[in-house]
Amino acid sequence: MAKKKLGIGILGCGRVAPYHYNAINQIDQCELVALCDSDKVRGKKAADENGVTLYSDYAKMLKDKNVDVISLCTPHGMHASQAIQAAKAGKHIITEKPMAMGLKDADMMIAEAKKNKVRLFVIKQNRYNPPIVKLKEALDKGRFGKLVLINTTVFWTRPQNYFDMDKWRGTKAMDGGVMMNQASHHIDLVHWMGGEVESVFAYGGTLTHSLEVEDTAVAVLKFKNGAMGVIQGTTCAFPKNLEGSLTVLGEKGSVKVGGFAVNKIDTWEFKDQSQEDEWVKQMKTEPPTVYGFGHLELYRELVNAIINGKDAMMKGEEGRKSLELIMAIYKSIETGKEVKLPLKE
């Protein structure tokens with residue numbers, strides 16, 4: 001008999017973890033039961049605030065029978081090995097982006113989850129933003145006609161002290177640059193809207209920070225459906241986050257979802273008007289940070305998938321798609337050449 005409530009164990013109590021606590025606590029069929037962090041002071045503070053068991057040893061948390069799902073809120077370079085451990089322990093997995101630092105690791109994660117008959121989810125919370133939901137509905141209904149151009153702009157600021165907070169930040173092995181980290185969700189939206197990418201050409205560089213990775217990059221895409229795309233991202237914007245937007249242009253429609261976190265409709269115009277268009281034009285959300293509100297919807301989807309056996313939008317295979325595009329961007333930056341997809345890593 002399927003469980004009526006899922007016990008969640010979170011690995012990593014850093015910057016993003018509170019968004020998980022808040023989401024879990026709003027869902028009747030989820031319960032936060034355990035936390036694990038190598039930083040004992042930080043871990044104890046989070047465990048005391050949430051009234052749950054604290055582990056300093058991940059292997060011990062994996063043996064906790066009350067934990068059904070492991071939520072990975074750890075440095076990016078740790079996701080693959082930690083997800084594989086969880087799958088072998090029979091735990092479902094939900095991981096923050098990026099799911100891995102390379103396609104080989106992503107494929108191992110997907111394969112291990114299937115082998116052990118557990119579910120693997122990748123967090124792409126911007127897909128659940130109400131303006132993005134409406135944009136995808138319009139696209140799926142064919143309101144744009146032939147697609148022409150898809151653009152995402154991520155003009156954010158991350159001061160040097162942000163990267164200096166932890167040794168893993170700004171490193172190739174554990175973090176990745178603006179394309180792998182800050183623009184990852186936006187790149188996912190570009191792929192989700194535009195479909196399969198035929199090729200990419202990109203430039204990147206470290207312009208104002210002291211990092212191993214790029215703080216600014218641009219990429220030009222050719223989609224298999226004939227449309228073109230542009231991705232531009234930086235953590236050098238002055239003096240604050242200026243824009244996190246997505247624009248879709250077609251022969252019969254133009255939409256821009258703007259704000260600093262793809263959170264409001266800036267443009268909504270179609271040749272064939274619908275009854276709800278005027279209402280949609282006023283749509284916006286006001287998230288306190290760039291993380292938005294999507295974690296709640298993703299945990300609801302997780303519950304529906306695990307308890308009710310439903311398919312999930314953000315399964316591992318879906319998370320792999322945007323990772324492949326990011327890896328192609330990096331390959332183009334490194335080689336100075338156009339890169340064809342699919343990649344062979």
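Side chains included, hydrogens not; waters and symmetry mates left out as well; all remaining heavy atoms used.
Not a single donor-acceptor pair under 3.5 Å links the side chain of N241 to the backbone N or O of W156. Formation of a donor-acceptor pair under 3.5 Å by the D37 side chain with backbone atoms of C13 is found in this model. Checking side-chain atoms of Q273 against main-chain N and O of F270 turns up a donor-acceptor pair under 3.5 Å. Although no hydrogens or angles enter the test, the distance criterion places a donor-acceptor pair under 3.5 Å between the side chain of D68 and the main chain of G7. At least one donor-acceptor pair closer than 3.5 Å links the side chain of N129 to the backbone N or O of V262. Between the side chain of K91 and the backbone N or O of V67, at least one donor-acceptor pair lies under 3.5 Å. A donor-acceptor contact shorter than 3.5 Å links the side chain of N225 to the backbone of G194. Listed for the Q26 side chain is a donor-acceptor partner under 3.5 Å among the backbone atoms of N22. Checking side-chain atoms of T335 against main-chain N and O of K331 turns up a donor-acceptor pair under 3.5 Å. With E112 contributing its side chain and A87 its backbone, the two residues share no donor-acceptor pair below 3.5 Å.
Heavy atoms only, all atoms of each residue included: K315 and V122 are closest at O-CG2, 4.4 Å. Between S56 and C36, the shortest heavy-atom contact is C-SG, 4.0 Å. Minimum heavy-atom separation, M61 to A34: SD-CB, 3.9 Å. Residues A100 and A106 share a closest heavy-atom pair of CB-N, 3.8 Å. Minimum interatomic distance between I326 and S184 (heavy atoms only, all atoms of both residues): CD1-OG, 4.0 Å. The shortest heavy-atom contact between Q29 and V303 is OE1-CG1, 3.2 Å.
Counted within 6.0 Å of CG on D48, heavy atoms from surrounding residues, nucleotides or ligands total more than 12; the atom is thus considered enclosed. Heavy-atom contacts from other residues, nucleotides or ligands closer than 6.0 Å to NZ of K281 number more than 12. Environment of CE in M108: sparse, with no more than 12 heavy atoms of neighbouring residues, nucleotides or ligands closer than 6.0 Å. Environment of CE in M283: crowded, with over 12 heavy atoms of neighbouring residues, nucleotides or ligands closer than 6.0 Å. The local environment of CD in E137 is crowded, with over 12 non-hydrogen atoms from other residues, nucleotides or ligands closer than 6.0 Å.
Between the side chains of E243 and S245, at least one donor N or O lies within less than 3.5 Å of an accepting N or O. At a cut-off of 3.5 Å, with distance as the only test, a side-chain donor of D64 or Y55 sits close to an acceptor on the other residue. Side-chain contact of H191 with S322: a donor-acceptor pair under 3.5 Å is absent, judged by distance alone. E212 and T171 share no donor-acceptor pair across their side chains, judged by distance under 3.5 Å alone. One side chain, Y128 or E301, offers a donor N or O that lies under 3.5 Å from an acceptor on the other. Between the side chains of E49 and Y21, not a single donor N or O lies within less than 3.5 Å of an accepting N or O. A donor and an acceptor atom, one from each side chain of S254 and E269, are nowhere located under 3.5 Å apart. When only modelled atom types and interatomic distance are considered, N151 and K256 share no side-chain donor-acceptor pair under 3.5 Å. Side-chain atoms of Q232 and T152 include no donor-acceptor pair closer than 3.5 Å. One side chain, E96 or H20, offers a donor N or O that lies under 3.5 Å from an acceptor on the other. Between the side chains of N126 and D188, no donor-acceptor pair is found at a separation under 3.5 Å. With 3.5 Å as the limit, one finds no donor-acceptor pair spanning the side chains of Y58 and S38.
For the atom pair OG (S199) and CG (L341), the distance works out to 8.0 Å, reported to the nearest 0.5 Å.
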Does W192 form a ring-ring contact (aromatic ring centres under 6.0 Å, His included) with H185? I'd like the steps, not just the answer.
CA-CA 10 Å; W192 195 38; H185 290 305; over 10 Å; no
Show your reasoning for whether ring-ring contact (aromatic ring centres under 6.0 Å, His included) applies to F155 and F260.
CA-CA 8 Å; F155 291 164; F260 64 86; over 10 Å; no
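Counting only heavy atoms from C-beta outward, the side chains of D215 and T208 approach each other to under 4.5 Å. Looking at heavy atoms from C-beta onward, W168 lies out of side-chain contact with M78 at the 4.5 angstrom threshold. The shortest distance between side-chain heavy atoms of T74 and H79 falls below 4.5 Å. Inter-residue side-chain proximity for P131 and N263 is flagged as unmet; no heavy-atom pair is nearer than 4.5 Å. With a 4.5 Å cut-off on side-chain heavy atoms, M180 and L323 count as touching. Counting heavy atoms from C-beta outward, V220 and V200 have side chains that stay 4.5 Å or more apart. Residues I231 and V218 have side chains not in contact (no heavy-atom distance under 4.5 Å, counting atoms from C-beta outward). Here the side chains of I307 and L6 are in contact, with some heavy-atom distance below 4.5 Å.
Note that R169 lies in the cation-pi zone of Y162, set by a 6.0 Å cut-off to the ring centre and a 45° limit from the axis.
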